[in-house]
**Student:** 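Next up is a structure, given as structure tokens.
The first residue of the sequence shown is numbered 1, and numbering continues consecutively from there. Computed from a predicted structure; not experimentally measured.
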Amino acid sequence: MQAWQVHENGEPREVMRLAEVETPTPGEGQVLLRVRAANVNFPDALLCRGQYQIRPPLPFTPGVEICGETEDGRRVIANPVLPYGGFAEYVLADARALLPAPEALDDAEAAALHIGYQTGWFGLHRRAHLEAGETLLVHAAAGGVGSAAVQLGKAAGARVIGVVGGADKAAVARELGCDVVVDRRTEDVVAAVKEATGGKGADVIYDPVGGDAYAQSAKLVAFEGRIVVVGFASGSIPSPALNHALVKNYAILGLHWGLYNTKNPKLVLRCHEELTELAARGAIKPLVSERVPLAGAADAVQRVADGVTTGRIAVLPENGATT
């Protein structure tokens with residue numbers, strides 16, 4: 001089968017190589033899946049760079065979430081078992097962790113439903129307890145993680161403010177349903193959000209960026225507000241001032257979604273059921289901005305790493321579905 005492999009750490013475009021490899025053999029509790037679509041995530045770039053919290057042995061195939069097909073023809077969502085990641089024609093997955101792909105979504109959309117939307121659901125509902133009528137601020141609102149949070153926030157009845165970088169991403173954020181869009185390249189984020197909220201600030205802030213975005217969040221969080229920290233796409237990990245959190249009376253909430261797979265897997269299944277129901281009634285629909293063939297995977301991962309994409313990019317292997 002064909003698969004992208006990383007033999008040394010570095011930038012995705014430089015270290016990913018498409019090769020002919022042996023189809024992996026399932027171990028105990030594992031299943032072999034044919035990849036119908038693989039979604040590109042920022043962690044794929046971190047894996048290539050050797051900067052992710054998990055470091056699979058070299059060589060490995062990146063690709064952390066897919067829509068695949070079982071031997072009996074079932075369409076499922078899965079997180080491939082590394083080192084056999086999703087940018088390949090076949091992967092291995094934990095048989096107990098397979099989730100049914102929603103009928104309302106095509107292969108590319110289903111592949112993009114899992115990590116980003118699960119993270120959003122756990123972050124907004126399990127951790128921050130977002131309520132209808134509250135104001136939600138989403139950093140990088142046009143990206144893969146941010147776009148999921150925007151849709152989930154709107155589905156929960158929140159007023160959503162999206163922060164983006166550039167006019168094209170601002171247009172995408174508006175299409176996603178943001179009530180207010182702030183372009184950090186041309187506007188003062190703090191001033192614009194304070195104006196939009198009458199000086200109150202945001203009740204919940206969803207931050208997959210870190211760095212300057214977190215500094216803005218601390219200035220913009222409302223009384224009894226919650227800042228949900230889900231990642232550091234900027235490459236800069238901030239050091240929160242806990243005295244500031246005390247004085248302003250807000251909470252800083254960390255979210256490592258992957259831990260729920262081992263600590264409380266029943267919640268992952270419950271979340272998937274809710275996401276499936278939301279997709280069925282059209283309340284959420286993953287924004288798949290591009291669909292590329294397997295040969296385009298390395299370039300796609302690099303562009304996601306560089307922050308120049310919107311929504312999600314789906315990789316469709318040649319022997320997979322083209323829907």
**Student:** Checking side-chain contact (heavy atoms from CB on, under 4.5 Å) for the pair Cys178/Val181: CA distance, chi angles, key distance, verdict?
**Tutor:** CA-CA 6 Å; Cys178 286; Val181 177; 3.7 Å; yes
**Student:** Does any pair with a residue in residues 131-146 pass salt bridge (charged side-chain N to carboxylate O under 4.0 Å, His left out), and if so which ones, sequence neighbours excluded?
**Tutor:**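 Applying salt bridge (charged side-chain N to carboxylate O under 4.0 Å, His left out) to every pair that reaches into residues 131-146, excluding sequence neighbours, yields Glu134-Arg226.
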**Student:** So does Asp203 get a backbone contact from the side chain of Thr135, meaning a donor-acceptor N/O pair under 3.5 Å?
**Tutor:**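 Judged by distance alone, no pair lies under 3.5 Å.
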**Student:** Are Leu47 and Val64 packed together at the side-chain level, in the sense that at least one heavy-atom pair is separated by less than 4.5 angstrom?
**Tutor:**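 The answer is yes; the side chains approach within 4.5 Å.
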**Student:** Please determine if Glu290 and Arg312 form a salt bridge, counting it only when a charged side-chain N lies under 4.0 Å from a carboxylate O.
**Tutor:**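 No, this pair does not count.
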**Student:** If you measure from CD on Glu273 to CG on Leu269, what distance do you get to the nearest 0.5 Å?
**Tutor:**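 The CD atom of Glu273 sits 4.5 Å away from the CG atom of Leu269.
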**Student:** Where is the tightest heavy-atom contact between Asp44 and Asn39, given as atom of each residue plus distance?
**Tutor:**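 So the two residues come closest at OD2-O, 3.8 Å.
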**Student:** For the residue pair Leu294 and Val315, what are the closest heavy atoms and their distance?
**Tutor:**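 Result for this residue pair: CA-CG1, 3.7 Å.
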**Student:** State, to 0.1 Å, how close Trp4 and Ala297 come at their nearest heavy-atom pair, and which atoms those are.
**Tutor:**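 So the minimum-distance heavy-atom pair works out to NE1-CB, 3.4 Å.
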**Student:** Can you list the residues that meet the side chain to side chain contact (heavy atoms under 4.5 Å, CB included) rule with Phe232, with sequence neighbours excluded?
**Tutor:**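 Partners of Phe232 by the side chain to side chain contact (heavy atoms under 4.5 Å, CB included) criterion, ordered by chain and then number, come out as Val229, Ile237, Pro238.
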**Student:** Please tell me if the side chains of Leu32 and Thr70 come closer than 4.5 Å, counting only heavy atoms from C-beta onward.
**Tutor:**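 Not touching, per the 4.5 Å side-chain cut-off.
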**Student:** Quick check: closest heavy atoms across Ala245 and Ile252, and the distance to 0.1 Å?
**Tutor:**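 Looking at all heavy atoms of both residues, the shortest contact is CB-CD1, 4.3 Å.
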**Student:** Just how far is it from atom CD of Gln2 to atom OH of Tyr90, taken to the nearest 0.5 Å?
**Tutor:**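 The distance works out to 12.0 Å.
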**Student:** Say whether, by atom type as modelled, one donor and one acceptor occur between the side chain of Asn41 and the main chain of Pro43 under 3.5 angstrom.
**Tutor:**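 Absent.
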**Student:** Could you walk me through whether His114 and Trp257 pass the ring-ring contact (aromatic ring centres under 6.0 Å, His included) check?
**Tutor:** CA-CA 11 Å; His114 193 39; Trp257 168 76; 5.1 Å; yes
**Student:** Determine whether Val230 and Val228 satisfy the following criterion, side-chain contact (heavy atoms from CB on, under 4.5 Å), listing intermediate values before the conclusion.
**Tutor:** CA-CA 6 Å; Val230 298; Val228 186; 3.8 Å; yes
**Student:** Please give me the minimum heavy-atom distance between Lys169 and Gly307, naming the atom from each residue.
**Tutor:**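 Closest approach of Lys169 to Gly307, heavy atoms only: NZ-O, 2.7 Å.
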**Student:** Rounded to the nearest 0.5 Å, what's the gap from CG on Leu136 to CD1 on Ile205? Could you check?
**Tutor:**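 Nearest 0.5 Å value for the CG-CD1 distance: 9.0 Å.
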**Student:** Are there over 12 heavy-atom neighbours, none belonging to Glu20, within less than 6.0 Å of that residue's CD?
**Tutor:**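 Yes, CD of Glu20 has more than 12 neighbouring heavy atoms, counting only those of other groups under 6.0 Å.
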**Student:** I want to know whether His139 and Tyr214 have ring centres closer than 6.0 Å.
**Tutor:**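 Not under 6.0 Å, so no.
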**Student:** Report, one line per pair, each donor and acceptor closer than 3.5 Å where one atom sits in a side chain of residues 140-168; sequence neighbours left out.
**Tutor:**
unit_1	atom_1	unit_2	atom_2	d
Ser147	OG	Gly143	O	2.7
Ser147	OG	Gly144	O	3.2
Gln151	OE1	Tyr117	OH	2.7
Gln151	OE1	Lys285	N	2.9
Gln151	NE2	Lys285	O	2.9
Lys154	NZ	Asp179	OD1	3.1
Lys154	NZ	Asp179	OD2	3.0
Arg159	NH1	Ala196	O	2.7
Arg159	NH2	Ala196	O	3.1

**Student:** Quick one: do the Asp94 and Gln30 side chains pair a donor with an acceptor below 3.5 Å?
**Tutor:**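 Checked: Asp94/Gln30 side chains show no N/O donor-acceptor pair below 3.5 Å.
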**Student:** With sequence neighbours left out, what residues match Gln302 under side-chain hydrogen bond (donor to acceptor under 3.5 Å, both in side chains)?
**Tutor:**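 side-chain hydrogen bond (donor to acceptor under 3.5 Å, both in side chains) list for Gln302, sorted by chain: Glu11, Asp306.
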**Student:** Donor-acceptor check, side chain of Asp107 to backbone of Ala37, threshold 3.5 angstrom: yes or no?
**Tutor:**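 Judged by distance alone, no pair lies under 3.5 Å.
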**Student:** Is it true that a side-chain atom of Glu195 and a backbone atom of Ala192 form a donor plus acceptor pair closer than 3.5 Å?
**Tutor:**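 No.
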**Student:** Measuring from atom CG of Leu253 to atom CG of Leu124, what distance do you get when rounded to the nearest 0.5 angstrom?
**Tutor:**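 Answer for the CG-CG pair, Leu253 versus Leu124, is 11.0 Å.
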**Student:** Counting distance only, does the side-chain N/O of Glu65 pair as donor-acceptor with the main-chain N or O of Ile115 below 3.5 Å?
**Tutor:**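 Between the backbone of Ile115 and the side chain of Glu65 there is a qualifying donor-acceptor contact (under 3.5 Å).
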**Student:** So, His125 side chain and Trp121 main chain: donor-acceptor pair closer than 3.5 Å or not?
**Tutor:**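 Flag not set: sc His125 to bb Trp121 has no pair under 3.5 Å.
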**Student:** If you round to the nearest 0.5 Å, how far is CZ of Phe87 from CD1 of Ile66?
**Tutor:**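 Those atoms lie 11.0 Å apart.
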**Student:** First locate atom CG of Leu278, then atom SG of Cys271, and finally report the distance between them rounded to the nearest 0.5 Å.
**Tutor:**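 It comes to 9.0 Å.
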**Student:** Take Tyr250 and His244, measure what ring-ring contact (aromatic ring centres under 6.0 Å, His included) needs, and give me the verdict at the end.
**Tutor:** CA-CA 9 Å; Tyr250 64 86; His244 190 260; 5.6 Å; yes
**Student:** Before accepting this row, confirm whether a basic side-chain N of the pair Arg75/Glu69 lies closer than 4.0 Å to the acidic partner's carboxylate O.
**Tutor:**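 Not counted as a salt bridge, because no side-chain N and carboxylate O are separated by less than 4.0 Å.
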**Student:** Write down the atom of Val6, the atom of Glu8, and the distance for their closest heavy-atom approach.
**Tutor:**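 Nearest pair, atom of Val6 first, then Glu8: CG1-O, 3.1 Å.
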**Student:** Suppose we screen for side-chain hydrogen bond (donor to acceptor under 3.5 Å, both in side chains). Which residues come up paired with Glu277, at least two apart in sequence or across chains?
**Tutor:**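 side-chain hydrogen bond (donor to acceptor under 3.5 Å, both in side chains) list for Glu277, sorted by chain: Arg281.
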**Student:** For Gly68, is there any backbone N or O sitting under 3.5 Å from a side-chain donor or acceptor partner on Arg34?
**Tutor:**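 Checked: no pair found.
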**Student:** Is a side-chain N or O of Gln118 found less than 3.5 angstrom from the main chain of Val268, in a donor-acceptor match?
**Tutor:**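 Flag set: sc Gln118 to bb Val268 pair under 3.5 Å.
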**Student:** Answer with yes or no after comparing the ring centroid distance for Tyr260 and Phe122 against a 6.0 Å cut-off, counting only values under it.
**Tutor:**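 Yes, the ring centres sit under 6.0 Å apart.
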**Student:** Between Val31 and Leu92, is the side-chain contact (heavy atoms from CB on, under 4.5 Å) condition met? List the steps.
**Tutor:** CA-CA 6 Å; Val31 292; Leu92 298 181; over 6 Å; no
**Student:** With no hydrogens and no angle check, is any side-chain donor or acceptor of Lys248 less than 3.5 Å from a backbone partner on Val221?
**Tutor:**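 The answer is yes, because a donor-acceptor pair under 3.5 Å joins these two groups.
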**Student:** Whether the side chain of Arg17 engages the backbone of Glu14 through a donor-acceptor N/O pair (distance < 3.5 Å, no angle test) should be reported.
**Tutor:**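 Yes, the answer is positive, given that a donor and an acceptor are paired below the 3.5 Å cut-off.
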**Student:** Report yes if some heavy atom in the side chain of Glu175 is under 4.5 Å from a heavy atom in the side chain of Leu287; otherwise report no.
**Tutor:**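 When only atoms from C-beta onward are counted, Leu287 and Glu175 do not touch, as no gap falls below 4.5 Å.
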**Student:** For Arg174, check salt bridge (charged side-chain N to carboxylate O under 4.0 Å, His left out) against everything at least two apart and list the hits.
**Tutor:**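 For Arg174, no residue satisfies salt bridge (charged side-chain N to carboxylate O under 4.0 Å, His left out) once neighbours in sequence are set aside.
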